[in-house]
Protein chains: 2
Amino acid sequence: MFLSTSEHTLDSKNRVSAPAAYRAEVAGDPHQGLYVFPHPTEGFLEGGGEALIASYKRKLARLPVFDPRRRQLELLILGAARRLDFDATGRITLPKDFIERAGLNGRVVFVGRGERFEIWDAGAFDTALEEARAGARALLEDPAVLDLLGGDEE
Amino acid sequence: MFLSTSEHTLDSKNRVSAPAAYRAEVAGDPHQGLYVFPHPTEGFLEGGGEALIASYKRKLARLPVFDPRRRQLELLILGAARRLDFDATGRITLPKDFIERAGLNGRVVFVGRGERFEIWDAGAFDTALEEARAGARALLEDPAVLDLLGGDEE
DNA sequence: CGATCTATGGGATAGCATGGGAAAATATGG
DNA sequence: CCATATTTTCCCATGCTATCCCATAGATCG
């Protein structure tokens, strides 16, 4: 599972160290590496292991091949995704267009979200995190959320 | 799996470098090479490895041999498909009629879609990609799409 | 306090994409 | 059946980019 948040440096060759925990996460995969694509509408990158891409592929395969929604999603996800392999020291190299799409600028943040993770520009992420914190109290008082997180399971 | 999008040059001899990742994808096939045919109705080429053609063949075999729909589909897919082998530097040579059917004009784009990929004229692809991005927000708000991509799989 | 792992920087190297010439195969006409 | 024209295949050369490799420094852990 991809957890926690960590900041790393994007160097002049567009390389960035992947969090060691993420490398361990995909260490068992056949081609170990991270699969990454720019989010279709938001300004960050989404990533995961082979399992994530395979899951998208299976989900899209439920729609007929000629369904416009399937074709559009394939284009935005499978067509945009790239497998990024680790170098000997555990870094990945980000394609230039990914860097532009996500507005990355030196300091980048990896944010774990369970089955997947996100790569943000540090500045944009700080802003988003502040907003999330500012709204946290109201969120936790929302009856639907209370119910969702509520009692212990079983 | 065929992923990602990359642009290559169609030279004066109708040769174009196949993406290195696609070559790796079919490296294990008995006759390694790409199987390509013009889409029956749209202006691009569809391609894949041996697995793709074998899959079409199996699917068509579900219909009786004399079924007119089977005969028509065989003509449009199996009859149109060609195996394109790589030269020593990893290029394939596109037949002239494929180039005309897809309106290829110097710059061509390979688009990965999982089990298959497509070959587009760069100009036409840029337009299609822009449209897909423009409609992305609405797409991701579509309840059917939310449901499709939504929950984690078991 | 040494051993190991992680993060980062930079030079060297190998692979990829592309162009063009030479040789081989194929087609066309007599 | 041969001669010529055309197409296709093979081979080599080049610039560029990504990858490999080494070095350093800090952090972590017994």
Between atom [atom1] in [X] and atom [atom2] in [N], what is the gap in whole Å?
{"X": "A:Lys96", "N": "D:dT17", "atom1": "NZ", "atom2": "P", "answer": "7 Å"}
{"X": "A:Leu94", "N": "D:dT17", "atom1": "CG", "atom2": "P", "answer": "17 Å"}
{"X": "B:Arg91", "N": "D:dT9", "atom1": "CZ", "atom2": "P", "answer": "12 Å"}
{"X": "A:Arg15", "N": "D:dC22", "atom1": "CZ", "atom2": "C1'", "answer": "12 Å"}
{"X": "B:Asp85", "N": "D:dT9", "atom1": "CG", "atom2": "C1'", "answer": "12 Å"}
{"X": "B:Asn14", "N": "D:dT6", "atom1": "CG", "atom2": "P", "answer": "17 Å"}
{"X": "B:Asp87", "N": "C:dC16", "atom1": "CG", "atom2": "C1'", "answer": "12 Å"}
{"X": "A:Leu10", "N": "C:dG10", "atom1": "CG", "atom2": "P", "answer": "14 Å"}

When all nucleic acid strands are considered with a 4.0 Å heavy-atom cut-off, which category describes [X]: base, sugar-phosphate, or nothing?
{"X": "B:Ala18", "result": "sugar-phosphate"}
{"X": "B:Thr9", "result": "sugar-phosphate"}
{"X": "B:Ala20", "result": "sugar-phosphate"}
{"X": "A:Thr89", "result": "base"}

Are A:Arg71 and B:Glu42 close enough for a salt bridge, meaning some N to O gap below 4.0 Å?
no
Salt-bridge test for A:Lys13 and A:Asp11: reply yes if a basic N is under 4.0 Å from a carboxylate O, no otherwise.
no
On DNA chain C, compare the nucleotides closest to B:Lys13 and B:Ala21; which residue's is nearer the 5' end?
B:Ala21
Between B:Arg23 and A:Arg23, whichever has its closest DNA chain C nucleotide further toward 5' is A:Arg23
Quick check on the hydrophobic clustering: are B:Val108 and B:Ile92 connected, directly or via other members, by side-chain heavy-atom contacts under 4.5 Å?
yes
Measuring from B:Glu115:CD to B:Ser55:OG, what's the distance to the nearest 0.5 Å?
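So the gap between those two atoms works out to 8.0 Å.
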Taking 4.0 Å as the cut-off, does a side-chain nitrogen or oxygen of B:Ser17 come that near to OP1 or OP2 on C:dT18?
yes
